[in-house]
Amino acid sequence: MSVELDNVGHKFAATPWLFRHLSARCEDGALTAIIGPSGSGKSTLLSLIAGWETSIEGTIIVPHPAGSQSPRIAWVFQNPFGVRARSAIDHVTLPLLARGMSRAQADVEANRLLDAFNLAHLAERSFRDLSGGEAQRVLLARGLACAPTLLLVDEPTAQLDQSTARDTLGSLREDGVSVVIATHDPSIRAQCDAVIDLALFQDEEK
């Protein structure tokens, strides 16, 4: 599912424009990085794409999958919050059960996703006992378990070493899933298929 941004601009009341005249396309099945200095509006742009906020200027088109009344969007936040007493696999299994899978089917798929993020050996570990990087990868696996057509990710490698970060980004490439990533990490930028640099869309009057 591709996302179209046409002449998008946004600001908050009594503040300068974060960005203006932003036109870009996040291609179907691709990894698109949103980069820019702190305060440039990376997380805000994710909110606009998600439909949580409405841009002041321009339009954002997120297509609806066939037979659906709304796009299937999952968002993985920068800070990995989970249910402390529940296991890693429980976090990934829940959206699979909500999609109508049996417990046996959900367990198989959850284990596949955990294995993709090199977490199979931690499936039964409580969320509270995971490291920050492990918790972050569990929630990325859970994001894919929601079967989104669009996955929004905010700083996915903030708590990961470079080697794990590279593996993690590769694991986000699922068939039919477009991924938009807000990041400061140049290694993540280098692995993405396209880049939206918000520094190029700063308001000249700012």
Nearest 0.5 Å, please: how far is OG1 in Thr93 from CZ in Arg103? 5.0 Å
Value for CG (Asp115) from OG (Ser171), rounded to nearest 0.5 Å, stands at 9.0 Å
To the nearest 0.5 angstrom, please state how far the CG atom of Leu119 sits from the NE2 atom of His91. 12.5 Å
If you measure from CG on Leu48 to CD1 on Ile60, what distance do you get to the nearest 0.5 Å? 4.5 Å
Please lay out, stage by stage, how Ile49 and Leu150 fare under the test side chain to side chain contact (heavy atoms under 4.5 Å, CB included). CA-CA 10 Å; Ile49 294 172; Leu150 175 62; 3.7 Å; yes
I need the Phe81 CZ to Leu139 CG distance, nearest 0.5 Å. 10.0 Å
When hydrophobic residues are tied together by side-chain contacts of less than 4.5 Å, even through go-betweens, does Ile89 share a cluster with Leu97? no
Taking Ser23 for its side chain and Asn7 for its backbone only, find out whether a donor-acceptor pair lies under 3.5 Å. yes
Any residue meeting side chain to side chain donor-acceptor pair (under 3.5 Å) with Arg84, in chain and number order, not counting sequence neighbours: none
Under 3.5 Å donor-acceptor, Asn111 side chain and Asp107 backbone: yes
d(Phe117 CZ, Arg142 CZ) to nearest 0.5 Å is 12.5 Å
Is there a donor-acceptor pair under 3.5 Å between the side chain of Ser178 and the backbone N or O of Gly29? yes
Polar side-chain atom of Ser47 near backbone of Glu53 as donor-acceptor pair, under 3.5 Å: no
Report the C-alpha distance between Val83 and Asp90 in whole Å, list the side-chain angles of each, state the deciding distance to 0.1 Å, and finish with yes or no for side chain to side chain contact (heavy atoms under 4.5 Å, CB included). CA-CA 9 Å; Val83 181; Asp90 284 343; over 6 Å; no
Search all heavy atoms of Pro80 against all heavy atoms of Gly132 and return the closest pair with its distance. CG-O, 3.9 Å
Looking only at heavy atoms, what is the nearest atom pair of Lys11 and Thr15, with distance? CE-O, 2.8 Å
Where the side chain of Ser102 meets the backbone of Gln105, is there a donor-acceptor pair that is under 3.5 Å apart? yes
Closest non-hydrogen atom pair between Pro37 and Ala199, with its separation: CD-CB, 4.2 Å
When you measure from the side chain of Thr149 to the backbone of Arg72, do you find a donor-acceptor pair of N or O atoms at a distance under 3.5 Å? yes
Please report the C-alpha distance between Ile196 and Cys26 in whole Å, then the side-chain angles of each, then the deciding distance to 0.1 Å, and finally whether the side chain to side chain contact (heavy atoms under 4.5 Å, CB included) criterion is met. CA-CA 9 Å; Ile196 299 172; Cys26 305; 4.2 Å; yes
Looking only at heavy atoms, the pair that brings Thr59 and Val8 closest together is O-CG2, 3.4 Å
Membership question, hydrophobic clusters at under 4.5 Å side-chain separation (ILVMFWY): are Ile35 and Phe19 in the same one? no
I'd like to check Gln202 versus Pro16 (side-chain heavy atoms, cut-off strictly below 4.5 Å). Are they in contact? no
Has Glu57 got a side-chain atom pairing as donor or acceptor with His10's backbone, closer than 3.5 angstrom? no
Could you go through the side chain to side chain donor-acceptor pair (under 3.5 Å) check for Thr183 and Asp185 one step at a time? CA-CA 5 Å; Thr183 183; Asp185 189 338; 5.2 Å; no
Check: Ile181 main-chain N/O paired with Lys42 side-chain donor or acceptor under 3.5 Å: no
Step by step, work out the side chain to side chain contact (heavy atoms under 4.5 Å, CB included) result for Leu22 and Leu198. CA-CA 8 Å; Leu22 168 56; Leu198 293 184; 4.0 Å; yes
Do Asp193 side-chain atoms and Leu31 backbone N/O form a donor-acceptor pair below 3.5 Å? yes
